[in-house]
Each structure stands twice: as structure tokens, then as C-alpha cells.
There are 2 protein chains.
Amino acid sequence: MAKPRKAKSAPKPRMSPAHRERLIVEGAIAFFAEVGLEGQTRELAKRLGITQPLLYRYFPSKDDLLERVYEEVYLKRWKPEWEALIADRSLSIGERFRRFEKDYQRTIMTYDWLRIFFSAGLKGTDLPRRYLLRVRDLIFTPVLGEMRREFGLPSPAQLPLCAQEYELMFGIHGALVYVGIRRFIYNMDVPTDQDLVFDTEMDAFLAGVSPVMRRLVAEQQAVQRARRRKS
Amino acid sequence: MAKPRKAKSAPKPRMSPAHRERLIVEGAIAFFAEVGLEGQTRELAKRLGITQPLLYRYFPSKDDLLERVYEEVYLKRWKPEWEALIADRSLSIGERFRRFEKDYQRTIMTYDWLRIFFSAGLKGTDLPRRYLLRVRDLIFTPVLGEMRREFGLPSPAQLPLCAQEYELMFGIHGALVYVGIRRFIYNMDVPTDQDLVFDTEMDAFLAGVSPVMRRLVAEQQAVQRARRRKS
DNA sequence: CCGCTCATTTATCAATCTATAAATTAGAGC
DNA sequence: GCTCTAATTTATAGATTGATAAATGAGCGG
């Protein structure tokens with residue numbers, strides 16, 4: 001058994017600024033995910049085993065600390081390889097999208113990621129909006145382009161992607177994310193075998209997407225023809 | 001132009017307790033939806049044009065006021081006719097479910113409903129969990145039973161509903177709710193014609209649900225047979 | 001082992017929080 | 001118009017908030 005250095009309980013090792021900063025950031029992620037972004041700096045400090053003013057030596061304000069949390073959880077966890085995967089034509093676009101969503105869901109389906117994301121959204125931060133626009137522009141847009149190609153439909157250059165086509169992508173995306181929402185936001189039990197859920201949802205989506213896109217494209221072409229006739 | 005009664009700006013009419021209480025509850029719904037459940041009673045009072053202590057004449061504490069908000073937004077907006085609709089065999093179960101979701105989504109797809117729901121979830125309130133269990137038990141369970149029947153599959157009494165079948169329901173449900181999440185939580189633009197989005201999603205779901213349920217039931221039966229052989 | 005740097009703590013301010021008690025005054029009933 | 005009930009306000013307690021300034025002391029370089 002360890003012999004206590006003094007009568008007082010804990011020895012207090014000093015840390016290098018770099019190490020301390022990491023501890024604070026990681027502690028802040030876990031803390032704000034649990035109690036919400038209005039969580040108090042005093043309570044955070046207590047969990048970290050430090051005093052509250054020490055936080056202000058590393059971050060000028062609570063908002064600065066939160067900015068750092070966003071950067072750590074969302075920007076740093078984005079994988080550029082996802083964009084490369086979508087472009088890889090050695091696989092069918094269905095398979096590429098399936099692999100993307102599988103890894104993406106594995107990345108975001110955590111207590112920290114989901115809870116801070118929703119807290120930030122409710123607070124009015126535009127981080128969730130910007131993040132999803134990124135998903136749309138860097139993932140959904142090329143996926144839809146590749147699907148058009150694979151289904152023998154006009155390219156987006158010939159016939160622009162329509163809102164309904166994007167909604168198809170947001171639909172399957174939302175269905176998958178909803179599992180995490182139920183688990184981490186609503187505190188519900190979800191099936192232990194998440195891969196099975198994922199595959200069932202994805203199979204249903206991939207089976208249905210082709211005919212629906214054909215229909216949407218046909219409707220858009222009809223609109224386009226009617227417009228030409230008018231002018 | 002109205003002649004001011006006195007030099008001071010606003011005339012202050014007294015209200016009956018019933019009327020005042022309604023104003024407070026409705027103001028509180030809008031207020032907490034906007035700023036979150038940690039919104040301050042002083043700020044709420046200011047928006048209502050009353051002083052903060054007056055709130056405490058109508059509600060013993062802030063938590064009591066929040067309880068009332070939950071009751072007003074979630075319990076009072078639940079329509080028992082939904083359960084009757086699902087049971088109405090003069091319509092196909094697909095049509096019944098479509099009509100249910102259409103009216104349900106119209107009910108919950110509001111700024112107040114969605115934002116307070118997520119705020120409550122993040123805060124740790126078990127209201128969202130309890131609410132969704134109600135949806136599952138009163139809607140999804142009978143819908144799945146009727147689908148089994150319509151597809152000529154064993155009844156839930158013969159072969160219990162499995163987790164994957166429930167996930168199918170949560171999947172389409174989540175895809176639809178996700179539109180509201182993007183709009184009211186993430187503050188994104190969503191297509192103006194929500195009915196079109198709804199129909200596209202629902203068509204795809206109803207087209208795909210039958211074969212998937214057949215497969216799931218077959219798998220369950222195989223498991224059951226294997227189990228019997230063992231014992 | 002001395003001295004200096006800087007990681008960390010103690011002490012505290014000013015603003016803000018929920019909640020309570022007592023003072024005010026609008027307005028219905030006589 | 002007087003009176004009394006109760007709707008509403010003023011005043012304030014008591015706890016907590018983010019943030020700052022000054023004091024402390026661990027541990028490295030000499």
C-alpha cells in the first residue's frame with residue numbers, strides 16, 4: 001500500500017501546459033455532453049480535480065473552451081477519406097454509400113458527439129447547420145451524381161439535382177441517426193446488434209432508391225419541357 | 001389615435017386567474033422552446049409583461065411550471081383517435097399508417113414540440129422516453145400486427161414481434177421526424193413542399209416493408225425450429 | 001541548496017439566479 | 001362612493017454564476 005506523503009490526502013503533481021490542456025479539453029467534452037452547455041465551470045473544475053480559476057489560465061472564457069470542444073469533436077473527427085471513398089468507382093455506388101454510412105455512423109454514434117451536437121443546435125450555434133451542409137455538399141451531392149450515372153439517368157450537369165433527391169439521402173441518413181437519438185438523447189434501449197439494424201435499413205433504401213430517382217428525374221424533365229414550350 | 005390614460009405608458013388591466021394562467025403557460029411554452037429549459041424566470045416574466053414574483057403565485061416553482069408545459073405540449077396534443085384509426089380495417093394497413101403518420105407529423109412538426117422535446121431529453125427528463133414507448137405500444141405494435149395479418153404472416157400471438165420489425169417502424173418514423181430536426185433544431189432550410197417529401201418517403205417505406213418483414217419472420221421461424229430441435 | 005519561473009490555489013467581485021415576504025392598488029359587490 | 005378581496009408590484013434574501021487579482025509553492029537550472 002502506498003505511504004501517504006503527508007497527512008493531507010492527495011499529492012498534487014504539476015503538469016506541463018500541453019498535458020493539462022488535453023485533460024481539460026477531454027474533461028470538458030465529457031462534462032458538457034452530460035450536463036449540457038450551460039454546465040458550470042466550477043463543476044467542471046471539480047470533476048477535473050483542479051480549481052475553477054485554473055481553467056481561465058488555459059481558455060480566456062467559457063465560450064472559447066466550447067469552441068475548442070466543437071473543434072475537437074466535429075472538425076477533428078471528420079475523415080477526408082470519406083470523400084475519396086465516394087469517388088472510388090471500383091465499387092458500385094450502393095456499396096460505396098453503404099461503407100460510408102457504416103463508418104460515419106460508427107464515428108458519430110457516441111454519447112459525446114450526439115449530445116453536444118443537439119445542445120449546440122438548441123443553443124442557436126450554427127455548427128450543426130454548417131456541419132450538415134458539409135455532409136450534403138461533400139457526400140450527398142457526389143453520391144447522387146454517381147447514382148444518376150449508374151442508373152443511366154441524366155448527369156447533374158444536364159439536369160440539376162432536385163430537392164427531393166437530396167431528401168432521399170437525408171431520409172436514410174435520418175433513419176440511421178435516429179437510433180443514436182433514441183439511445184443517447186431519449187435514453188431508450190435500442191437493439192444490441194446495431195449492424196443488423198443498419199443492414200436492414202440500408203437494404204431497404206438501396207432497393208428503393210433507383211425507381212424513385214427514375215420517377216423524380218422523369219418529373220423534372222416534364223417540368224423542363226413544359227417550361228421550354230412556354231418560352 | 002388612442003389617448004393615453006396617464007402620462008405613464010401602459011394601462012395595466014387585471015386578469016382573472018384562469019386567463020392569466022393561460023397566458024403564462026402559453027408564454028412559457030414559446031419561451032422555453034426558444035431559449036431552452038434553463039431560461040430564466042425573470043426573462044419569461046419580462047416577455048409576458050408581468051413581474052417575476054407573479055409567476056410564483058400561479059406555479060409553486062419553476063419545475064412545476066415546466067411540468068405544466070410538458071402536459072400541455074405532449075399529453076394534451078396526443079389524439080386518441082390515432083389508436084382508433086390504426087384499428088379501422090376498412091382501410092389497408094398501409095393507408096392507415098400513412099394517414100396516422102401524416103397527422104402525427106403535422107402535430108409534432110412545430111418549433112415548440114420538437115425543441116422542448118429535445119431539451120427535455122438532454123436535461124435527463126424521462127418524458128421523451130415515456131412518450132416514445134407510448135408510440136411504440138399504442139401505434140407500432142398494432143400496426144405490425146395488422147401488417148403480419150395483411151401479408152399472410154403468423155400473428156404476433158403465434159410468433160412474437162421481433163426487435164428488427166420494430167426498428168423498421170422507428171426507421172421510417174425517424175426519417176420523417178428528421179425533417180423537423182433539421183428545420184427547428186439545426187435551423188436549416190427544408191423543402192417548402194413537405195407533403196411531397198412525406199409521400200416520397202412513405203411510398204418507399206410501404207413498397208419495401210412487406211418483403212423485409214417476410215424475411216425477418218422466416219429468420220425468426222428458423223431460429224424457433226432450431227431451438228425446438230435442441231430441446 | 002538557492003533562486004526563479006510559472007502551474008496552481010485562495011480570495012473575492014459583480015452580476016444573476018430562484019424564491020419569499022410585505023406593500024400596493026385595481027376593481028367587484030354592496 | 002366605500003370596502004374588502006385578491007391580483008400585482010416592490011423589495012430583498014440567499015445561493016450561484018463567470019471571471020479577475022493576488023498569493024502560493026513545486027520543481028528545474030545553476
Side-chain angles (χ1 to χ4, degrees), chain A residues 2-28 31-32 34-70 119-120 123-125, chain B residues 4-28 31-32 34-70 119-120 123-125:
Chain A
K3 192 164 53 177
R5 205 176 290 207
K6 286 187 177 184
K8 296 205 170 181
S9 57
K12 285 175 184 173
R14 293 202 168 180
M15 288 182 186
S16 71
H19 188 193
R20 176 64 76 194
E21 186 174 311
R22 271 244 62 82
L23 284 188
I24 291 178
V25 170
E26 279 164 17
F31 175 71
F32 289 123
E34 182 181 332
V35 308
L37 303 184
E38 337 75 34
Q40 304 149 13
T41 53
R42 278 182 159 80
E43 178 71 18
L44 167 59
K46 189 189 287 181
R47 293 208 195 184
L48 288 166
I50 62 177
T51 58
Q52 181 243 11
L54 188 54
L55 294 173
Y56 286 84
R57 185 156 186 93
Y58 290 87
F59 298 92
S61 74
K62 185 181 168 181
D63 278 340
D64 285 286
L65 175 54
L66 283 176
E67 274 310 318
R68 178 60 182 280
V69 164
Y70 298 150
S119 293
K123 194 186 176 188
T125 310
Chain B
R5 205 177 289 206
K6 286 187 177 184
K8 296 204 173 180
S9 56
K12 285 174 184 172
R14 293 199 170 184
M15 288 181 185
S16 72
H19 188 194
R20 176 65 76 196
E21 185 174 311
R22 272 243 62 79
L23 284 188
I24 291 177
V25 169
E26 280 164 17
F31 175 73
F32 289 123
E34 183 181 331
V35 308
L37 303 184
E38 337 75 32
Q40 306 149 12
T41 54
R42 276 183 159 78
E43 177 71 18
L44 167 60
K46 189 189 287 182
R47 292 208 195 185
L48 288 166
I50 62 177
T51 57
Q52 182 243 12
L54 187 55
L55 293 174
Y56 287 84
R57 183 154 187 97
Y58 291 88
F59 297 92
S61 73
K62 185 182 168 181
D63 278 341
D64 285 286
L65 175 54
L66 283 176
E67 274 309 318
R68 179 60 182 280
V69 165
Y70 298 149
S119 294
K123 195 186 175 187
T125 309

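A, B, ... follow the sequence lines: proteins, then strands. Residue 1 opens every chain. Heavy-atom basis, side chains included; hydrogens, waters and symmetry copies ignored.
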OP1 or OP2 of dA19(C) sitting under 4.0 Å from any side-chain N/O of Y56(B)? yes

Rounded distance (Å) that lies between atom C1' of dT8(C) and atom CZ of R20(A): 8 Å

Starting from P on dT5(C), measure out to CE on M15(A) and report it in whole angstrom. 24 Å

So F59(B), base contact, sugar-phosphate only, or nothing? Heavy-atom distance under 4.0 Å. nothing

Figure out the CD/C1' separation between Q52(A) and dT12(C), and round it to whole Å. 11 Å

Expressed as a whole number of angstroms, how long is the span from L66(A):CG to dA19(D):P? 10 Å

Short side-chain N/O contact to dG18(D) OP1/OP2 from T41(A), under 4.0 Å: yes

Please confirm whether the backbone N or O of E38(A) pairs with a side-chain atom of K123(A), one donor and one acceptor, at under 3.5 Å? no

At under 4.0 Å between heavy atoms, what does S16(A) touch on the DNA or RNA strands: base, sugar-phosphate, or nothing? nothing

Is there a side-chain contact between Y56(A) and D64(A), using heavy atoms and a 4.5 Å cut-off? no

Between T51(A) and S61(B), name the one whose nearest nucleotide on DNA chain C is closer to the 5' end. T51(A)

So which nucleotide from dG18(D), dT9(D), dT8(C) ends up closest to the side chain of R42(A)? dG18(D)

Are side-chain heavy atoms of V69(B) and L37(B) found at a separation under 4.5 Å? no

Without decimals, in angstroms, what is the distance between L55(A) CG and dT9(C) C1'? 13 Å

The correct list of stems in which DNA chain C takes part (3 or more consecutive Watson-Crick or G-U pairs, distances under 3.5 Å) is C:1-30 with D:1-30

Can you check whether R57(B) reaches R20(B) side chain to side chain, under 4.5 Å on heavy atoms? no

Mind checking P53(A) for me? I need base, sugar-phosphate or nothing, with any heavy atom below 4.0 Å counting as a touch. base

Could you check how far CG of L54(A) sits from P of dT20(D), rounded to whole Å? 14 Å

Taking the side chain as every heavy atom from C-beta outward, state whether L65(B) and T41(B) have any pair of such atoms under 4.5 Å apart. no

Could you give the NE2-to-P distance, from H19(B) to dT8(D), as a whole number of Å? 10 Å

Not counting sequence neighbours, which residues clear side chain to side chain contact (heavy atoms under 4.5 Å, CB included) with R47(A)? List them please. F31(A), E34(A), V35(A), E43(A)

Checking E26(A) now: which residues fulfil salt bridge (Lys or Arg N to Asp or Glu O under 4.0 Å) with it, not counting sequence neighbours? R22(A)

Here's a test of your reading of the structure: between E43(A) and P60(A), which maps to the more 5' nucleotide of DNA chain D? E43(A)

dA28(C) phosphate, OP1 or OP2, under 4.0 Å from R14(B) side-chain N/O: no

Between NZ of K46(B) and C1' of dT16(C) the distance, given in whole Å, is 12 Å

